[in-house]
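Everything quoted here is computed from the prediction, not taken from an experiment. Here is how names work: the chains are called A, B, and so on, in the same order as the sequence lines, proteins then strands, and each is numbered from 1.
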Amino acid sequence: MSQRHPVLTMTAISKIFPGVRALDGVDFRLFPGEVHALMGENGAGKSTLIKVLTGVYGTDAGTITLDGQQVSFAGPMQATAAGVSTVYQEVNLLPNLSVAENIFIGREPRRLGSVNWREMRRRAQELLARIDLHIDVTELLGSYSLAVQQMVAIARAIDVNARVLILDEPTSSLDADEVAQLMRIMRQLRDDGIAIVFVTHFLDQVYGIADRITVLRNGRLVGEYPTAELPQIALVEKMIGHELDALERLDSETDRDRAAIAAGEPFVAADGLGRSGSVAPFSLTIHAGEVVGLAGLLGSGRTEVARLFFGADRADQGRLTVDGAPAAIRNPVAAIDRGVAFCSENRRTEGLVGELSVRENIILAMQAARGWLRPVPRRKQDELVERYIKALSIRPADPDMPVRNLSGGNQQKVLLARWLITEPRLLILDEPTRGIDIGAKTEIQRLVAQLSDGGMAVLFISAELEEVLRLSHKVVVMRDRRLVAQLDNDDTLDADRVMRAIASGAAQEGLEKV
Amino acid sequence: ACGNSDTGSDAGDGKGDGNGQIVLGFSQVGAESGWRTANTNSIKESAEKAGIKLQFDDAQQKQENQIKAIRNFIQQKVDVIAFSPVVESGWDTVLKEAKDAKIPVILTDRAVDSADKSLYKTFIGSDFVKEGRLAGEWLVEQKKSATGPVNIVELQGTTGSAPANDRKKGFAEAIAANPNLKVVASQSGDFTRAGGKQVMEQFLKANPKIDVLFAHNDDMGLGALEAITAAGKVPGKDITIITIDAVKDGMQALADGKFNFIAECSPLLGDQLMELVKKVKAGEEVPARVETQETTFTQEQAKAALPTRKY
Amino acid sequence: MTTTPLAARGPRAWWRVPQRQVPVLATLALLLVMYGIGVSQYRAFSNIQVVFNIFIDNGFLLVVAVGMTFVILTGGIDLSVGSVVAMTAMVSASLLGDGVHPALVLLIALLIGPALGFAMGCVIHFFDIQPFIVTLAGMFFARGMCTWISSTSIPITDGFWTSAAQERIRIGENFVTVSVLVALAVVAVAAYTLAYTRLGRNVYAIGGNQQSALLMGLPVGRTKIAVYTISGLCSAIGGILLSFYTLSGAPLIAIGMELDTIAAVVIGGTLLTGGSGYVFGTVLGVLVLGVIQTLITFDGSLSSWWTKIVIGGLLFAFILLQRLVGIRKK
Amino acid sequence: MSTARTRLAGVTGHRLFWPLVMLVVLLAANTIYRPSFLSVELKNGHLYGSLIDIVRLSAPLILVALGMSLVIATGGIDLSVGSVAAVSGAIACLYISEQPDQNSLGAVLTAVAIAFGIALVLGAWNGILVAGIGIQPIIATLILMVAGRGLAQLVTSGQIITINSEPYKTIGVGHLLTLPFAIIIALAVTLVVAVLTRRTALGMIIEAVGGNAEASRLAGVRSRRITFLVYVVSAACAAVAGFMMTANVSSADGNAVGLWVELDAILAVVIGGTSLVGGRFYLSGTIVGALIIQTLTTSVYAMNIDPQTALLFKAVVVIAVCLIQAPAFRARFRRRQAPGAPPVAPVEKQKEQVPA
Ligand SMILES: Nc1ncnc2c1ncn2[C@@H]1O[C@H](COP(=O)(O)OP(=O)(O)OP(=O)(O)O)[C@@H](O)[C@H]1O
Ligand SMILES: Nc1ncnc2c1ncn2[C@@H]1O[C@H](COP(=O)(O)OP(=O)(O)OP(=O)(O)O)[C@@H](O)[C@H]1O
Ligand SMILES: [Mg+2]
Ligand SMILES: [Mg+2]
């Protein structure tokens with residue numbers, strides 16, 4: 001393999017942000033026809049390396065050669081023109097344009113110089129069909145869920161005739177099925193001789209497809225390895241930089257006494273709650289100390305359910321009781337007053353305020369609940385922020401850094417910290433582990449378990465069925481925007497059964513029917 | 001002079017009426033100063049007195065708006081159109097339209113520079129150049145015995161506006177008669193008191209010896225008064241103050257000895273205008289130019305005139 | 001291995017208006033209502049010429065507003081338009097006064113605006129300075145040029161200009177002017193550009209999210225500069241039309257026009273944050289302002305201050321209804 | 001690297017550094033033109049001089065700009081400040097002019113209270129349109145900008161109301177401890193706004209709303225209430241500025257008071273480093289911005305620049321201010337001097353997004 005010429009080489013790349021050395025002499029090689037995984041903890045410098053390559057950032061040192069020619073792109077436009085097609089980490093699309101346009105903008109099919117809309121729609125439909133996405137391509141992109149948007153971004157990238165395809169955490173909000181689709185396409189492209197850079201925190205995906213792995217740690221290169229020669233344990237050790245003792249399995253969590261939990265009064269109970277055009281009426285109870293997992297396919301309406309509980313959207317049918325008393329949760333303020341917290345899936349548009357510092361983002365919800373006249377005392381702020389920066393290992397550990405300068409995973413942790421410090425009674429987590437590295441992920445899972453032990457109710461949504469199963473006492477299955485089953489997470493429940501429930505959409509297995 | 005009463009009046013709802021009442025479409029520049037408001041009120045009152053129905057339009061200081069208003073008057077088929085042009089140039093097109101529609105036009109307050117004099121019947125108003133000249137001539141007369149240089153500062157109106165241009169020109173022409181009279185500083189005070197005050201403050205600091213202040217209107221002069229007092233000088237004595245307009249507050253200052261001379265620019269041309277409207281409507285011959293009755297005031301004259309001033 | 005197709009949305013009936021067009025259509029409906037009120041109140045209002053006059057009197061505003069639409073769609077703003085209009089008219093008048101050939105004058109006048117726009121666009125893009133402040137400086141500059149050229153208004157007597165100004169294009173009983181045709185042509189070209197060219201689509205993209213547009217490999221810098229150049233060009237055309245309209249150049253003309261244009265664009269449903277809006281909406285916005293003004297002239301009983309209060313009131317009523325209609329249809 | 005150098009970098013890197021440099025340059029230019037420009041003397045127990053004038057005259061602008069900073073921080077804009085200033089000044093003067101004893105302190109206080117109250121109502125009107133009905137701020141406040149001007153003229157009947165009230169006059173031209181009273185008021189209001197926003201959590205919450213409204217809503221911030229509030233505060237500031245402007249000349253001119261002040265205020269805010277997109281706001285920057293603008297105006301008069309070219313001069317200075325302030329511009333310069341220095345990444349500030 002090393003006999004072939006790399007299509008891309010990056011040598012001794014350094015990138016310094018004010019106060020942060022994001023990349024320090026990193027080398028990277030990419031060969032045609034391979035899938036090359038770029039691995040590292042949150043903040044290791046993966047996204048920065050990619051942005052340096054495509055010219056979003058200038059380098060402070062180092063050279064880049066593409067096809068033996070030294071290049072220095074002034075921006076993604078030039079990179080794209082040179083055959084480097086990229087899906088950046090956050091979904092960077094245009095919510096105000098249609099899906100079709102998002103795929104084709106910049107290279108729209110034209111006739112006599114003017115954009116050929118009909119052709120564009122047709123080709124968009126075709127392309128999305130290839131990745132098995134059947135949506136109305138004339139609709140505005142912004143009206144679709146994050147996962148759909150991620151698929152669209154992928155579709156856009158793979159349609160270009162590129163020699164190098166870069167995918168920065170493309171799978172962070174995708175379900176198993178979509179991931180499988182993506183893998184299939186990646187294989188196809190690889191076989192066509194395209195070089196693919198693949199960033200992810202899912203080890204099984206890496207071992208499922210990657211030919212080689214480059215590991216970064218703290219902005220430095222750890223090494224480059226053929227996948228076959230690097231066992232999983234070794235990979236993780238290389239990423240975190242020490243022995244893997246902190247990562248013991250979390251399996252005791254679901255052993256807690258489900259009966260005891262269920263015997264108590266439910267904390268919240270939805271009775272026929274629904275919103276026309278969004279979620280069909282459903283009933284669901286969540287007890288104190290209970291973790292309820294929501295499973296379902298992309299766009300099945302899990303996020304919408306969460307938003308109804310939180311008052312982010314207003315329910316137009318049914319009732320909600322909190323602590324046995326009817327509660328009209330019409331807006332987030334009302335929900336927060338009753339001890340409900342909602343960590344939304346789209347940290348960029350619905351979560352963080354990019355310009356504000358890590359500290360301010362963390363205390364925002366707490367402050368909002370206290371009202372602006374009673375500021376959280378500085379000492380308390382410092383103490384809380386300090387604690388959660390440590391607990392979630394947010395890096396860099398600088399509370400005054402604007403949050404937009406943090407890496408994606410670290411941003412996610414900040415968002416989580418915001419809600420944890422409010423000590424809610426019901427914590428709704430919508431994809432809380434999106435883009436988070438394995439170390440931190442285990443940490444978060446443990447935290448959730450611990451909190452629920454302490455009596456907190458948790459509604460847990462994740463694209464990873466594994467995770468849902470591991471944490472929840474009860475798994476609620478959604479399909480086509482209706483709640484189709486509630487499964488107790490006893491010894492008999494496994495991913496397979498949940499998948500079957502999703503697929504059949506019915507409760508043939510004697511499960512509680514809704 | 002009060003604004004609320006106008007709206008209550010039944011002056012015109014645009015539907016026109018067939019009882020032979022003359023309908024006059026009048027487009028005013030705006031309501032940018034007390035002078036202008038007095039002008040508007042004079043016209044409204046006179047129209048009512050003369051039994052003429054007034055279609056009033058306020059152009060908010062924009063020529064575009066005035067042209068639009070005239071077009072609309074044509075559509076409404078008013079009997080006579082009158083307007084105070086915001087600027088001198090650029091009226092030919094719309095005036096031709098009026099002519100084609102056989103609606104006579106009267107200019108008030110300011111002239112236009114159309115080459116084709118048949119586009120309007122007559123002009124009634126003041127001559128800004130003359131006002132500046134009157135101010136300058138009085139000064140020349142006062143200072144004819146002065147041996148040393150006389151330092152004059154000038155507060156101009158809004159840069160680019162017709163009164164500012166003309167008054168500056170007239171004044172400069174007049175004082176050219178005496179080489180001792182020199183304008184040492186000239187800035188725009190935007191016709192406002194605050195502007196006059198602010199500019200005068202700096203004049204006083206930058207020029208140790210100021211003998212004369214010439215302000216393009218009373219308001220700027222009144223603002224400058226405050227700056228002069230604050231600088232520890234006595235207005236009217238240490239600094240001779242000449243202004244134009246003769247609005248009430250200005251006349252008061254003149255009577256109090258704070259101003260020295262005002263060249264009048266009378267806004268009260270309502271009655272004269274209505275006379276002309278009737279004549280024009282009746283098809284009678286009218287003079288090509290009618291000047292408003294205007295005068296100048298010294299301190300003594302102001303004391304005498306003040307009790308009977310209307311605005 | 002296959003995903004269940006996402007819950008399909010009902011087939012779109014042919015008569016169902018796409019969501020995105022609802023605000024514009026609501027605006028159109030309200031405009032018609034307002035016109036209807038005028039007709040019912042004032043007899044002469046129903047003359048077709050009144051409608052034509054609205055176009056004649058607002059032709060230059062329309063052209064300038066079209067340019068502003070481009071800028072606002074990218075999320076920017078151009079405060080210099082009013083001054084550039086005045087400067088163009090001033091330059092034309094003074095050159096014509098000097099006896100320069102009208103064709104050459106036209107060319108020069110049409111170059112100055114875009115040149116200034118281009119310069120402002122470059123400063124905005126390359127030095128990453130807020131458009132507001134850059135175009136404000138541009139506004140001062142252009143207005144300063146006006147008073148610098150002449151502090152008095154300059155009449156135009158050139159034959160080409162006067163004939164362009166006074167040429168009446170008959171439509172039955174009524175007429176429009178050359179300006180109206182020019183304005184409509186500009187609208188058509190702009191609408192085509194926005195909908196059917198890459199430049200136009202990039203304009204929307206930048207307004208949606210500039211950072212994303214950059215990462216998607218779109219020519220952000222080029223588009224931004226182009227947009228301010230286009231706005232400069234439209235202002236220049238507007239300036240020419242204004243000089244047709246008034247047959248003169250005056251240093252203080254078109255003061256505050258930037259606010260009128262921004263108002264027209266925003267009333268037409270374009271978001272000031274960028275990314276959403278249509279040229280057709282802008283046309284409606286200009287017409288709304290025109291109709292309000294015509295209503296007030298036809299009324300003819302308002303004092304100066306009531307005129308302003310009523311303009312504010314009508315604007316409020318219109319925007320409120322626009323919001324309510326828009327919300328209900330959603 | 002030497003500590004002196006890093007310290008220097010710390011100073012030049014400060015947000016206020018370049019605006020202050022500009023201010024100093026303007027003052028220096030004036031001093032070169034007329035060496036006595038900077039001199040301040042004591043006249044009748046009052047400080048007297050061009051510098052004092054500049055600060056006193058910028059007081060109303062500072063006030064308006066403070067309110068505007070908060071509005072802009074929420075991502076809005078308030079065009080109506082000039083009209084609100086005119087209305088409140090007109091109402092106060094009208095009330096005073098109708099009193100038998102214009103010098104009665106009680107009457108003046110009542111006048112100011114009434115006018116202030118009405119200004120709050122106008123601010124609330126703006127707030128309701130923006131926060132309640134959801135009209136775009138620029139157009140919502142444009143309504144009051146137009147109608148408010150008419151309102152002010154209605155109050156004054158299109159005339160200039162001249163008053164003769166010492167207590168009222170004090171607001172504009174009085175002195176306290178040798179300092180112009182207007183400066184003291186401006187300082188006091190600045191202090192109040194600063195304490196209100198920086199000692200409570202209001203400032204951060206405003207910045208959160210301006211930075212990402214949806215995220216703030218989902219974090220439990222009552223964004224509408226905050227948005228509403230800033231328009232009221234802005235109107236309140238404008239009202240005080242209106243009192244100052246009218247007291248300065250002891251008369252209310254419904255047409256001229258506060259004309260175009262909204263543009264100056266926005267310019268001051270922007271020069272001060274606050275982005276029009278919303279988010280972070282800098283009160284100290286705003287004040288420096290206002291001082292720069294007033295210095296510029298005063299320079300035109302003090303250096304006797306021909307009014308016909310005054311605007312060109314302003315254009316040049318404004319563009320110089322923003323160029324020098326722009327990091328991208330300075331970086332370009334530095335790179336030319338020291339080749340090899342890192343190029344700047346074109347990271348544009350964007351609303352509602354957190355690039356990874
Ligand atoms: N614009 C910026 N300004 C300052 N620091 C930055 C900027 N962008 C990234 N960084 C810092 O650079 C480091 C590397 O970030 P990067 O986004 O490359 O991490 P990553 O490996 O992609 O992490 P993740 O897995 O969380 O996405 C982080 O410490 C981050 O805080
Ligand atoms: N077929 C569809 N047509 C249009 N919009 C859809 C469709 N499917 C999903 N959406 C969009 O996706 C969202 C609904 O999915 P929601 O986010 O509730 O699902 P989810 O189960 O959380 O899935 P995801 O994994 O996508 O987050 C809505 O905002 C909706 O607009
Ligand atoms: Mg990353
Ligand atoms: Mg979801």
Side-chain angles (χ1 to χ4, degrees), chain B residues 1-7 30-38 40-41 58 60-61 153 156-160 164 184-208 218-219 222-227 229-232 247-249 252 311, chain D residues 30 33-34 36-37 39 41 43-44 46 48-54 56-57 60 146 149-150 153-162 169 172-173 175 180 244-246 248-260 294 297-311:
Chain B
C2 177
N4 309 31
S5 58
D6 322 323
T7 53
E32 75 280 9
S33 63
W35 188 95
R36 188 62 65 190
T37 308
T40 305
N41 287 340
D58 181 305
Q60 325 232 351
Q61 281 100 265
V153 294
Q156 304 179 20
T158 308
T159 311
V184 291
S186 177
Q187 282 291 331
S188 165
D190 280 325
F191 283 133
T192 64
R193 292 192 190 184
K197 180 175 181 185
Q198 189 179 352
V199 175
M200 194 64 198
E201 281 170 355
Q202 293 312 311
F203 280 173
L204 286 164
K205 275 155 200 145
N207 304 283
D218 288 340
D219 285 329
L222 290 166
L225 277 188
E226 308 213 6
T229 320
V247 299
K248 201 161 203 162
D249 287 338
Q252 186 67 51
Y311 65 99
Chain D
N30 272 295
Y33 182 81
R34 175 163 64 82
S36 67
F37 184 82
S39 72
E41 50 188 306
K43 236 178 209 177
N44 306 334
H46 308 152
Y48 180 85
S50 291
L51 269 189
I52 302 294
D53 284 344
I54 290 178
R56 180 174 54 81
L57 288 172
V146 177
R149 196 51 72 189
Q153 288 182 325
L154 181 65
V155 171
T156 62
S157 315
Q159 300 288 356
I160 297 177
I161 302 180
T162 306
K169 202 172 166 187
V173 293
H175 287 76
M244 249 181 224
M245 294 176 195
T246 48
N248 181 34
V249 287
S250 285
S251 61
D253 179 347
N255 186 63
V257 171
L259 199 61
W260 301 121
Q294 185 57 48
T297 311
T298 303
S299 304
V300 169
Y301 303 143
M303 296 166 73
N304 202 14
I305 293 170
D306 183 0
Q308 265 176 261
T309 45
L311 274 173

Where the side chain of B:K205 meets the backbone of D:A302, is there a donor-acceptor pair that is under 3.5 Å apart?
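Flag not set: sc B:K205 to bb D:A302 has no pair under 3.5 Å.
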
Taking C-beta and beyond as the side chain, do D:R56 and B:E201 meet within less than 4.5 Å on heavy atoms?
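They are in contact (side-chain heavy atoms under 4.5 Å apart), so the answer is yes.
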
Less than 4.5 Å apart, side chain to side chain, heavy atoms only: is that true for D:T298 and B:Q202?
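Side chain of D:T298 against side chain of B:Q202, heavy atoms only: contact under 4.5 Å found.
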
Residues which pass side chain to side chain contact (heavy atoms under 4.5 Å, CB included) with D:K169, listed by chain and number, not counting sequence neighbours:
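In terms of side chain to side chain contact (heavy atoms under 4.5 Å, CB included), with neighbours along the sequence ignored, D:K169 is linked to B:E226, D:E166, D:V173, D:S250.
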
Contacts of D:I52 that satisfy side chain to side chain contact (heavy atoms under 4.5 Å, CB included) - sequence neighbours left out:
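For D:I52 the side chain to side chain contact (heavy atoms under 4.5 Å, CB included) partners, ignoring immediate neighbours, are D:V40, D:L47, D:P180.
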
Gap separating the [atom1] atom of [X] from the [atom2] atom of [Y], nearest 0.5 angstrom:
X      : Y      : atom1 : atom2 : value
D:D306 : B:Q156 : CG    : CD    : 7.5 Å
B:Q198 : D:L57  : CD    : CG    : 4.5 Å
B:D58  : D:Q153 : CG    : CD    : 7.5 Å
B:D219 : D:T162 : CG    : OG1   : 8.0 Å
B:D218 : D:I160 : CG    : CD1   : 9.5 Å

May I ask you to name which of [options] has the most heavy-atom pairs under 4.5 Å with chain D?
options                        : result
B:D249, B:D190, B:V247, B:T192 : B:D249
B:G34, B:A230, B:G196          : B:G34
B:S186, B:G160, B:S33          : B:S186

